[in-house]
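Okay, structure first, notes after.
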Amino acid sequence: MSQRTLSIIKPDATKKNLIGKIVARFESEGLRIAAIRKAHLSRPEAEGFYAVHSERPFFGELVDFMTSGPCVLIVLEGDNAVLKNREIMGATNPADAADNTLRKLYADSIGENAVHGSDSEENAAIEIAYFFQGIQVF
Ligand code: CMP
């Protein structure tokens, strides 16, 4: 079943010049790039995106990090895209991530973990609409 999901290449990964490697990995695993843009998130944008985590103790740190440099916002499309992207990313904490996952390869810590991916089809639709409202998605 073809699905869409939102991926974010986070500021640690853009700083390390890893955009091309990460995008190439998605494509090599059969996911297609339906839309893509680079963006330096404002605090309100990052706070809104992560509103579900607003009561967590790490929320301030998360918003500081996500606004510390540019991100790349990507709509991925393909068979089982939500789950496939999560498998490619690996566990949230790179210490727990399986070998050859993006977080195992590229992330430094649970906070600076290289990529974000939607955790369900329902949240994917919400997250895609949040960043790509009014923008054509192919
Ligand atoms: P992400 O998939 O983008 O969704 C929420 C983010 O919160 C998560 O990735 C982590 O980067 C971050 N996060 C989760 N737990 C912690 C934590 N204990 N300390 C700092 N950041 C965290």
Side-chain angles (χ1 to χ4, degrees):
M1 181 189 49
S2 189
Q3 286 179 337
R4 284 176 171 173
T5 190
L6 184 83
S7 169
I8 303 178
I9 303 177
K10 296 188 180 185
D12 57 326
T14 65
K15 194 172 177 184
K16 293 179 191 164
N17 222 11
L18 291 169
I19 296 171
K21 280 205 171 87
I22 292 173
V23 170
R25 176 69 180 273
F26 292 142
E27 292 189 331
S28 76
E29 301 260 4
L31 293 170
R32 303 186 73 83
I33 308 299
I36 184 166
R37 72 183 172 94
K38 197 172 188 183
H40 195 141
L41 302 184
S42 66
R43 288 195 78 83
E45 269 179 318
E47 286 168 355
F49 182 75
Y50 282 119
V52 64
H53 297 302
S54 62
E55 301 304 319
R56 304 278 190 100
F58 57 83
F59 183 66
E61 196 183 312
L62 176 60
V63 172
D64 286 348
F65 167 60
M66 290 301 289
T67 57
S68 67
C71 291
V72 179
L73 311 169
I74 305 170
V75 181
L76 294 172
E77 187 172 61
D79 283 346
N80 264 318
V82 173
L83 185 60
K84 189 179 273 187
N85 181 39
R86 291 184 71 77
E87 287 173 356
I88 295 167
M89 288 193 301
T92 305
N93 188 342
D96 302 328
D99 282 352
N100 205 34
T101 58
L102 294 175
R103 284 167 169 160
K104 181 71 164 195
L105 290 169
Y106 303 132
D108 294 325
S109 66
I110 192 168
E112 305 206 358
N113 63 353
V115 281
H116 166 83
S118 309
D119 64 2
S120 65
E121 205 172 3
E122 187 188 3
N123 281 336
I126 293 167
E127 293 182 359
I128 290 167
Y130 188 81
F131 283 125
F132 288 89
Q133 197 174 27
I135 295 172
Q136 198 169 10
V137 176
F138 294 92

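Ligands are counted one by one from 1 in listed order, and the atoms in each one are counted from 1 as well. Any value given below was found using the heavy atoms of this structure, including those in side chains, with hydrogens, waters and symmetry copies removed.
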Out of F49, Y50, F58, F59, who is nearest to atom 21 (N) of ligand 1 when you count heavy atoms only?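 Residue with the shortest heavy-atom distance to the ligand atom: F58.
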Quick one: look at [X] and ligand 1, take heavy-atom pairs under 4.0 Å, and tell me if it's side chain, backbone, both or neither.
{"X": "N113", "result": "side chain"}
{"X": "M89", "result": "neither"}
{"X": "E112", "result": "neither"}
{"X": "H53", "result": "side chain"}

Looking only at protein heavy atoms, which one is nearest to atom 6 (C) of ligand 1, and how far off is it?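 Here the nearest protein heavy atom works out to L62 CD1, 3.8 Å.
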Starting from atom 2 (O) of ligand 1, what is the nearest protein heavy atom, named by residue and atom, and what distance separates them?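 Its nearest protein heavy-atom neighbour is H116 ND1, 3.2 Å.
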Nearest non-hydrogen partners of F132 and I36, listed with the distance: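 Nearest heavy atoms, F132 then I36: CE2-N, 4.2 Å.
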Of the non-hydrogen atoms in V82 and S118, which two are nearest, and what is the gap between them?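 Smallest heavy-atom distance, with atoms named: CG1-O, 3.7 Å.
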Could you check if a side-chain atom of [X] sits within less than 4.5 angstrom of a side-chain atom of [Y], using non-hydrogen atoms only?
{"X": "I9", "Y": "L18", "answer": "no"}
{"X": "K84", "Y": "F26", "answer": "no"}
{"X": "L6", "Y": "F49", "answer": "yes"}

Has ligand 1 got any nitrogen or oxygen that is less than 3.5 angstrom from a nitrogen or oxygen of [X]?
{"X": "I110", "answer": "yes"}
{"X": "T92", "answer": "no"}
{"X": "E61", "answer": "no"}

With rounding to the nearest 0.5 Å, note down the distance linking OG in S7 to CG in L31.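 So the gap between those two atoms works out to 9.5 Å.
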In Å and rounded to the nearest 0.5 Å, what is the NE2 to OG1 distance from H40 to T67?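 Going from the NE2 atom of H40 to the OG1 atom of T67 covers 6.0 Å.
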Under 3.5 Å, is there a donor-acceptor pair between the side chain of Y130 and the main chain of E45?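 Side chain of Y130 to backbone of E45: a pair is present.
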Which atoms from ligand 1 have a heavy atom of K10 less than 4.0 Å away?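 Matching atoms, with element in brackets: 1 (P), 3 (O), 9 (O), 11 (O).
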Hey, is [X] one of the residues with a heavy atom under 4.0 angstrom from ligand 1?
{"X": "R56", "answer": "no"}
{"X": "R103", "answer": "yes"}
{"X": "F65", "answer": "no"}

Do other residues, nucleotides or ligands put more than 12 heavy atoms under 6.0 Å from E61 CD?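 Incorrect, the count does not exceed 12.
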